[in-house]
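Naming: A, B, ... by sequence-line order, numbering from 1 per chain.
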Protein chains: 2
Amino acid sequence: MPTPSMEDHIEIIYSLIEQKGYARVSDIAEALSVLPSSVTKMVQKLDKDGYLIYERYRGLVLTPRGQKLGKRLLKRHDLLEQFLRLIGVDEDLIYKDVEGIEHHLSWNSINRIADLVQMLEENPDLLMKLEKLKNEQKES
Amino acid sequence: MPTPSMEDHIEIIYSLIEQKGYARVSDIAEALSVLPSSVTKMVQKLDKDGYLIYERYRGLVLTPRGQKLGKRLLKRHDLLEQFLRLIGVDEDLIYKDVEGIEHHLSWNSINRIADLVQMLEENPDLLMKLEKLKNEQKES
DNA sequence: CCCCTATTTAATTTTCGTCAAACATCCAGA
DNA sequence: TCTGGATGTTTGACGAAAATTAAATAGGGG
C-alpha cells in the first residue's frame, strides 16, 4: 500500500508526464514544494516498489501499475478541487485543503462526493442557495 | 499552531471531561488507540504550550485556551461525521475518514461544509436524489 | 577542459509512536 | 497499622516516515 507521500509523487509524476511528456527530479520537487534530494529518495523507493523505472541522472517512466494508479489519484484530486470550488471555498485555500485530505478519504467517500458534485452541477439553484448562506454568515 | 496529534488529544480530552468530568491518561490512550506512554509525552507538551495544566500521577485540567480549542475541534469533528453520513458513506468507514481529514481542512472549508449540511438537512428531496445516484452506481 | 546546473548521498531534524523498565498510588489483609 | 501487590503512570531508548541541510558527484555547453 502506498503512503500519502508516495501517492503525492505518483500523482504529480503522472500529471507532469501527461502535460510535458517527461518528469525530471527537479520538476517533481518544484511541483511538490520539496527539495530535489527528497524526490530522489522517493523515486528510488517507487522504482523498488514497481511503480516506475528509474535511471539515475537520466529519467523515469511509469510502469503500467504506476500509470493506472496515477490516473486514479489525479481524478480524485480534481474531484475534490471541484467540490470545494463549487461550495464556495476561497480559491487560495483550495489547493492546500485538497492536498491535505485527498489521501485520507475512502473510495466510498470519494464516490459519494462525486455524486454530490454531479447533483450540485445539475442544479444551479442549489449553488445559489449555498451562496446565500455564505453571505449571511458574514454578518454574524 | 497545534499539530494534528495535539488536536486529537485536546479534542478527546475535552469530550472526556464533558462526559465523565475528568480525563485520565489511560482513558485518553484508550480513546485514541495509543499507548499511555505516548499520551504522557503529549500531555506534557500540551502543558508546556498552555493548553492544559498537568500534575504528574494526579490529573489534568484544560486552561481556557484549551477549552475553547477543544470545543471548536469537537464541533468540527461532529460536523464532518454528519456530512459523510448524510451523503451516504458506509457507517463503518466514517470514523476513520473523519479522523483522517479533520486536521487538514481550513476553517473556511469547514464553514462551507456546514452550510452544505444545513441545506441538505432542510431538503430531504436532495438526499433522495443522492440515494438514487448511489444505487445507480452499483450497476456499473 | 572547466564551469554551471542538476542530481545524489549522508547526516540530521521533526513528528509520532512503540516497548520495557522504573516509579507512584491505592487498597486489602495480616 | 503497615505492607505488598495490582493498577496506573512515567521515563528513556528506540524506530519509522518524511523532510531538511550540506557536501559530493555527474553531465552538458562554451
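- If you take OH of A:Tyr57 and C1' of C:dT5, they are 12 Å apart, rounded to a whole angstrom.
- Atom-to-atom, CZ of A:Arg56 to C1' of C:dT9 comes out at 10 Å; the value is rounded to the nearest Å.
- B:Tyr95 meets the ring-ring contact (aromatic ring centres under 6.0 Å, His included) test with B:His77; sequence neighbours excluded.
- Rounded to whole angstrom, the span from the NZ atom of A:Lys41 across to the P atom of C:dA11 amounts to 11 Å.
- Closest approach of A:Ile10 and A:Gly66 over heavy atoms only: CG2-O, 3.8 Å.
- Following rounding to the nearest Å, B:His103 (NE2) and C:dT15 (C1') show an atom-to-atom distance of 13 Å.
- Between B:Lys45 atom NZ and C:dT15 atom C1' there is a gap of 9 Å when expressed in whole angstrom units.
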* Taking it one step at a time, do B:Arg112 and B:Asp115 satisfy salt bridge (charged side-chain N to carboxylate O under 4.0 Å, His left out)? -> CA-CA 5 Å; B:Arg112 286 313 109 250; B:Asp115 289 350; 2.5 Å; yes
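- In this structure, the CD atom of A:Glu55 is 15 Å from the C1' atom of D:dG27, given to the nearest Å.
- The side chain of B:Gln44 lies closest to D:dT11 when the candidates are D:dT11, C:dT18, C:dA24.
- Residue B:Leu60 forms a side-chain contact (heavy atoms from CB on, under 4.5 Å) with just one option from B:Ile13, B:Leu46, B:Val25, B:Asp47, and that option is B:Ile13.
- Each of B:Leu116, B:Leu120, B:Leu126 was compared with A:Leu126 under the side-chain contact (heavy atoms from CB on, under 4.5 Å) criterion, and only B:Leu126 meets it.
- Looking at residues two or more places apart in sequence or on another chain, you find no ring-ring contact (aromatic ring centres under 6.0 Å, His included) involving A:His103.
- A:Arg58 places its CZ atom 13 Å from the C1' atom of C:dA6, with the value rounded to the nearest Å.
- Across residues 24-32 of chain B, B:Arg24, B:Val25, B:Ser26 each have a non-hydrogen atom less than 4.0 Å from an atom of DNA chain D (numbered order).
- Picking from D:dA19, D:dA26, D:dT20 the nucleotide with the shortest atom distance to the side chain of A:Leu35 gives D:dT20.
- For C:dT7, neither phosphate oxygen OP1 nor OP2 lies less than 4.0 angstrom from any side-chain nitrogen or oxygen of A:Thr40.
- The CG atom of A:Leu93 sits 5.0 Å away from the CG atom of B:Asn108 when rounded to the nearest 0.5 Å.
- Rounded to whole angstrom, the span from the CG atom of A:Leu46 across to the C1' atom of D:dA18 amounts to 13 Å.
- Residue A:Ser38 places at least one side-chain N or O closer than 4.0 Å to OP1 or OP2 of D:dT20.
- When the side-chain nitrogen and oxygen atoms of B:Ser37 are compared with OP1 and OP2 of D:dT11, none of them lie within a distance under 4.0 Å.
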